[in-house]
J.: 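Right, I'll just put the structure down here and ask away after.
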Number of protein chains: 2
Amino acid sequence: MPKTAARAHDNPYVVQPVMKALKVLELVARQGHEIALTAVSKELRIPKTTTFRYLQTLTAAGFLDHNRATDRYNLGPQLRAIARADASVSKIRELARPAMIELMHEFNETVNLAVKGNGTIVYIDLIEANRSLRMQARIGESHPMHSTALGKAILAFLPEAERRRQLDLPLTERTGRTLIEREEIERQLRQVARTGYATEMGENEDGAMCVGVPVLDEDGYPVAALSISAPLMRMPHSLAAKAGMRLREVAAGISARLGSHPAGATR
Amino acid sequence: MPKTAARAHDNPYVVQPVMKALKVLELVARQGHEIALTAVSKELRIPKTTTFRYLQTLTAAGFLDHNRATDRYNLGPQLRAIARADASVSKIRELARPAMIELMHEFNETVNLAVKGNGTIVYIDLIEANRSLRMQARIGESHPMHSTALGKAILAFLPEAERRRQLDLPLTERTGRTLIEREEIERQLRQVARTGYATEMGENEDGAMCVGVPVLDEDGYPVAALSISAPLMRMPHSLAAKAGMRLREVAAGISARLGSHPAGATR
DNA sequence: GAGCAAATTCCGCAAGGCGAAACCTCTGTT
DNA sequence: AACAGAGGTTTCGCCTTGCGGAATTTGCTC
């Protein structure tokens, strides 16, 4: 059996130890229960020593859990955490999408959905208005928190300590109108907390504005934000206020449904 | 910062390529969105070439997904499948446990819970009766499908094609009473499908018997099975029939509650 | 169409992964 | 209590194969 070059035809860049370790991970996971070193080794036809090393590594990384009592391995916390975080994002996107499409038609402007990243907001979905002049972000793109309506909406609803930590980071000046004075930002955030929606006027991109609201999870934590963005010239204050109101309604609906899952696994 | 030997103190058996690739996987997963090669490389301080290889490997294994349009990576189907399977098993165990304890007290015999493995059933939980002579399986142990009540209960409710595939595999003879005639087994499975419970009399272990029923998911697929096992001498046919009935009730309750989660992710 | 930035490919070096075998450590047994 | 055996851990030297700098290609942007 020519097993040496077995995987080479797949992709010359595949790193064998990684691939084999992933097979181990997969096998352990698919058992749905603890499994011992020897069993993995036999099943995968990988020598015991090598299997041992992979199991050790996977365990060290938290992807597996080693039960010292039974000397068996099963799924670890890391993998569950990743899956949970992913499911959460998927769920928000799924819940938000219909409402976003509705909003897009209502205002005929681009509607954005973003999650809180590390000091930034990250677009996870957007419905573009069918207009020649439109604001475009990209899914996967990160923007600073303090210069976007999405970010300000999240900041305003963050727990005190975390908000402070965010604002302690250096605040980049994206345009001439970006707020970089701590005082000024905090004043605005207090207002956002009162009205429930945040606005941004050319602070992130020249000529563009945005109205954003937070999406809260069952604990009231702002996991994401929803916004409508438009060229400044097309969105006067009065319309922005109206958009803010509608966004609040929509986000409230999403937030409500976010908490309604029984969550099968441990926490 | 001496980062070369940074991980060596952890565990001499940690395989570096695997560990680093897992860090890549984790980083990508924790983004909650697509991320590009260069970003991963910079974040993790791993040379671009190496990062590239890991991303390729993780993608080839299905743990990541490579979006060719944007040349970015995010979580792949494999990881989601693993997480889903794990959550499902956890949930079954969780839901079944109270009922199993009740059953154990009711019959004063060991109650077993198993999931379908690859051609086998795998014990994922059991409540042992407090008797000196008792049947004992072990959590994590696998038994053949055709020689156990648990397996027969599952087989009987499997889709036609999959059942055939299972029975095409060589059927090991565990005891002198193990059924290995295809005809005979299929006749029994039809009966199991009618009555809703399967029995096994010394076919898996001499002197032991077992009554089992399937646990069905929302699609009617037998994901697991529940059984009561006892020494043959303690369980006459009449009692076995009674146990079968009770097991059916209990499993129906579990099956019903299995479908009651909204299931956040795609399918 | 020039100029980047990012991804992909190439290539030679040697780090470090590999696996056989020895060793240890339990559990169950006589 | 000693034994046997299965399964887990450690050692060790070979040599595969992973590594990463550099070159090349690809795909944008101006």
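The basis for the numbers below is simple: all heavy atoms, side chains too, and nothing from hydrogens, waters or symmetry mates. Chain A is the first sequence line, chain B the second, and so forth, proteins listed ahead of strands; every chain is numbered from 1. Nothing here was measured: the structure is a model prediction, and the numbers come from that model.
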J.: Just the rounded figure in Å: distance from P of dA15(C) to CD of Q16(B).
T.: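 Rounded to the whole Å, the gap is 14 Å.
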J.: Atom OH of Y73(B) to atom C1' of dA6(C): distance rounded to whole Å?
T.: 11 Å
J.: Measure the distance from CZ on R68(B) to C1' on dG27(D) and round it to the nearest whole Å.
T.: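 In whole Å, dG27(D) C1' and R68(B) CZ are 13 Å from each other.
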J.: Expressed in angstrom and rounded to an integer, what is the separation of L55(A) atom CG from dT9(D) atom C1'?
T.: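 To the nearest whole Å, that distance equals 13 Å.
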J.: Among dT10(D), dG19(C), dT8(C), which nucleotide sits nearest the side chain of F52(A)?
T.: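 Ranking dT10(D), dG19(C), dT8(C) by closest atom to the F52(A) side chain puts dT10(D) first.
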J.: Grab the CE-P distance between M19(B) and dG18(D) for me, whole Å please.
T.: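 Computing the M19(B):CE to dG18(D):P distance gives 18 Å.
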J.: Starting from the 5' end of DNA chain C, give me the residue, R53(B) or T38(B), whose nearest nucleotide shows up first.
T.: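 Nearest nucleotide further toward 5': that of T38(B).
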J.: Just how far, in rounded Å, is C1' of dA6(C) from CD of E34(B)?
T.: 15 Å
J.: Between P on dT16(D) and NZ on K20(A), what's the gap in Å once rounded to a whole number?
T.: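 Result: 14 Å.
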J.: Please determine which of N112(A), T148(A), T110(A) meets the side-chain hydrogen bond (donor to acceptor under 3.5 Å, both in side chains) test together with S229(A).
T.: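 Answer to the side-chain hydrogen bond (donor to acceptor under 3.5 Å, both in side chains) test with S229(A) among N112(A), T148(A), T110(A): N112(A).
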J.: Please determine whether a side-chain nitrogen of the Lys or Arg among E109(A) and R234(A) lies less than 4.0 Å from a carboxylate oxygen of the Asp or Glu.
T.: yes
J.: Is any side-chain heavy atom of L150(B) closer than 4.5 Å to one of H143(B)?
T.: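 Side-chain contact under 4.5 Å: no.
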J.: Within the side chain of S41(B), is there an N or O that forms a donor-acceptor pair under 3.5 Å with the backbone of I46(B)?
T.: yes
J.: Taking OP1 and OP2 of dA20(C), is either one under 4.0 Å from a side-chain nitrogen or oxygen of T49(A)?
T.: no
J.: Please tell me which of V15(A) and A36(A) maps to the more 5' nucleotide of DNA chain D, matching each residue to the nucleotide holding its nearest heavy atom.
T.: A36(A)
J.: Figure out the OH/P separation between Y13(A) and dT8(C), and round it to whole Å.
T.: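 Y13(A) atom OH is separated from dT8(C) atom P by 9 Å.
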J.: Using only side-chain N and O atoms of K48(B), determine if any of them is under 4.0 Å from OP1 or OP2 of dG21(D).
T.: no
